[in-house]
Peer 1: 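Before I ask anything, let me first share the structure, which is written out below as structure tokens.
We count ligands from 1, going down the list as the structure has it; atoms in each ligand are counted the same way. Just so it is clear, the model here is predicted, and its values are computed rather than measured.
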Amino acid sequence: MSKQVVEEGMHAIALGTAGGPVWWGRDDIDAGISTAIVVDGKVYLVDFGYGAGRQLRRAGHRFGDVEALFITHMHSDHTVDLASLFLFARNEIGDRQVKILGPGNRGKLPPLTPLAKEVPTPVNPESPVPGITETLDRLVRTYSADINDRIFDYGSPSPATKFDIKDIALPAGLPFDPNENVAPEMEPFVIFRDERVSVSAILVDHHPTAPAYAFRFDSRYGSIVVSGDTGYCQNLITISQDCDVLFHEAINLEVVGQQALNTYPDPEVRESVMSHHRRSHTTALDAGRIASMANVGTLVLHHLVPANAPLESWQEAAKEYDGRLIIAHDLDTISLKTSDESIPTS
Ligand SMILES: [Zn+2]
Ligand SMILES: [Zn+2]
């Protein structure tokens with residue numbers, strides 16, 4: 001099951017490719033969204049959805065190989081395996097800290113749907129929209145019985161000591177507003193740098209989720225961009241300019257619409273859900289358009305919604321993009337090279 005780890009160069013591993021808060025549990029669709037960028041054998045993770053820790057192991061890596069983890073936005077399908085990461089990875093990490101960077105506090109609740117008959121009470125009203133730092137602090141507290149057992153019984157340190165967690169600070173002066181202007185046009189800004197890689201971020205349009213980021217990884221070998229969840233967005237074109245590989249999310253609105261007939265029998269609610277999907281996600285066709293406009297070397301579609309849509313439907317991207325197009329499967333490895341031999345797939 002596990003793979004040979006490549007020690008030199010830069011490549012990406014699609015650890016999980018399914019989008020949305022769903023347990024798929026099929027042989028071919030078995031993990032939520034998570035992507036590993038590997039540079040000279042060191043791992044940089046983007047998002048940590050359902051099964052990400054297990055997928056990292058299946059890809060031939062241990063958590064000891066991980067240098068940093070970047071969270072695009074606070075949706076659960078991108079963060080749910082952080083609980084197992086905090087509780088299971090401490091021995092693999094050893095005497096060092098793994099960096100985690102992600103969105104800060106949203107600042108205010110999202111706008112209320114016009115369908116609401118009354119103003120609802122939010123969950124955790126004293127701090128209803130926390131960012132990554134506060135969320136992970138709460139996670140540690142949630143598991144305090146387990147963690148304190150280990151601290152007091154055999155001196156195992158709290159997982160909080162193993163991670164250096166930071167909210168991403170937006171550049172000053174941006175006209176960003178979590179309700180009115182989630183992705184003002186801007187330039188990418190550097191959020192992380194070490195001897196192997198420089199990571200920059202840009203705001204994307206995943207309304208009402210905010211802030212939501214795309215990330216770009218530049219190394220001496222080339223560049224890989226991960227879109228995060230977003231509607232069609234100029235900032236995505238900006239951050240992807242001339243990159244070697246763009247991982248872009250994709251939604252099949254037709255199949256989602258058919259499935260919504262069962263899930264949301266009320267037509268008003270259904271329309272409001274579909275309007276979110278139309279605005280806050282990107283079709284394969286538009287992902288192809290973005291890849292063309294940004295002059296991307298390889299377009300990889302992942303975060304497929306729904307993950308069980310017909311495979312050929314994602315090929316729509318090729319109508320707008322004539323570069324190398326890959327529809328990602330769990331555990332696919334995508335190298336920066338352009339020859340087909342460089343794509344060992346599982
Ligand atoms: Zn998502
Ligand atoms: Zn999302």
Side-chain angles (χ1 to χ4, degrees), residues 12 14-25 29-36 45-52 55 69-83 85 101-106 109-111 113 123 128-132 135 168 176 178-179 182-183 201-215 225-233 235-236 239 246-253 255-256 259-260 263 272-284 286-287 290 300-309 314 327-330:
L15 296 177
T17 56
V22 178
W23 280 316
W24 290 100
I29 312 169
D30 193 29
I33 191 70
S34 182
T35 309
L45 294 167
V46 178
D47 291 331
F48 214 65
Y50 165 61
Q55 295 297 93
L69 195 162
F70 303 86
I71 298 294
T72 57
H73 65 293
M74 295 306 296
H75 273 163
S76 54
D77 55 319
H78 297 248
T79 58
V80 72
D81 221 23
L82 287 171
L85 169 63
L101 287 121
N105 194 299
R106 190 182 193 283
L109 284 164
T113 169
V123 172
V129 284
I132 194 70
T135 297
I168 295 168
F176 166 78
N179 290 351
V182 294
I202 204 164
L203 286 165
V204 293
D205 186 353
H206 191 38
H207 176 87
T209 309
Y213 295 103
F215 297 125
V225 174
V226 180
S227 71
D229 288 10
T230 179
Y232 184 92
C233 180
N235 283 349
L236 216 284
I239 197 170
L246 166 62
F247 278 78
H248 204 294
E249 69 123 275
I251 191 166
N252 183 322
L253 289 168
V255 178
V256 169
Q259 294 180 354
T263 322
S272 129
V273 169
M274 288 308 294
S275 132
H276 162 79
H277 286 317
R278 281 192 292 270
R279 175 172 178 182
S280 305
H281 293 285
T282 305
T283 62
D286 277 345
I290 287 164
V300 184
L301 296 184
H302 74 163
H303 193 281
L304 305 172
V305 177
N308 60 350
W314 307 114
I327 314 305
H329 296 76
D330 291 359

Peer 1: Report the residue from His302, His248, Glu249 that forms a side-chain contact (heavy atoms from CB on, under 4.5 Å) with Val226.
Peer 2: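 Passing option: His302.
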
Peer 1: Suppose we only count N/O/S atoms under 2.8 Å; would Asp229 qualify as near the Zn ion (ligand 2)?
Peer 2: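 Yes, within the cut-off.
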
Peer 1: Between the Zn ion (ligand 1) and Asp77, which N, O or S atom of the residue is the nearest one?
Peer 2: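 Considering only N, O and S atoms, Asp77 comes nearest to the Zn ion (ligand 1) through OD2.
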
Peer 1: Check all N, O or S atoms of His78 and name the one closest to the Zn ion (ligand 1).
Peer 2: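 Result: NE2.
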
Peer 1: Can you find a pair of side-chain heavy atoms, one from Asp229 and one from Thr209, that are under 4.5 Å apart?
Peer 2: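 Not touching, per the 4.5 Å side-chain cut-off.
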
Peer 1: Report yes or no: does His73 have an N/O/S atom closer than 2.8 Å to the Zn ion (ligand 2)?
Peer 2: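 It does: His73 brings an N, O or S atom closer than 2.8 Å to the Zn ion (ligand 2).
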
Peer 1: Closest approach of Gly20 and Val305, non-hydrogen atoms and distance?
Peer 2: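 Nearest heavy atoms, Gly20 then Val305: N-CG2, 4.3 Å.
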
Peer 1: Is it true that His276 and His207 have ring centroids separated by less than 6.0 Å?
Peer 2: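 Judged by ring-centre distance (under 6.0 Å), His276 and His207 do not meet the cut-off.
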
Peer 1: Within the stated cut-off of 2.8 Å, is an N/O/S atom of Glu249 closer than that to the Zn ion (ligand 1)?
Peer 2: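 So Glu249 does not count as coordinating the Zn ion (ligand 1).
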
Peer 1: Does His303 put an N, O or S atom under 2.8 Å from the Zn ion (ligand 1)?
Peer 2: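 It does: His303 brings an N, O or S atom closer than 2.8 Å to the Zn ion (ligand 1).
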
Peer 1: With a cut-off of 2.8 Å, does His75 put an N/O/S atom close enough to the Zn ion (ligand 1)?
Peer 2: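 No - counting backbone and side chain alike, His75 has no N, O or S atom under 2.8 Å.
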
Peer 1: When you compare the side chains of His303 and His281, does any donor N or O come within less than 3.5 Å of an acceptor on the partner?
Peer 2: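 Side chains of His303 and His281: no pair found under 3.5 Å.
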
Peer 1: What do the steps show when you test Thr17 against Asp330 for side chain to side chain donor-acceptor pair (under 3.5 Å), and what is the final call?
Peer 2: CA-CA 6 Å; Thr17 56; Asp330 291 359; 2.6 Å; yes

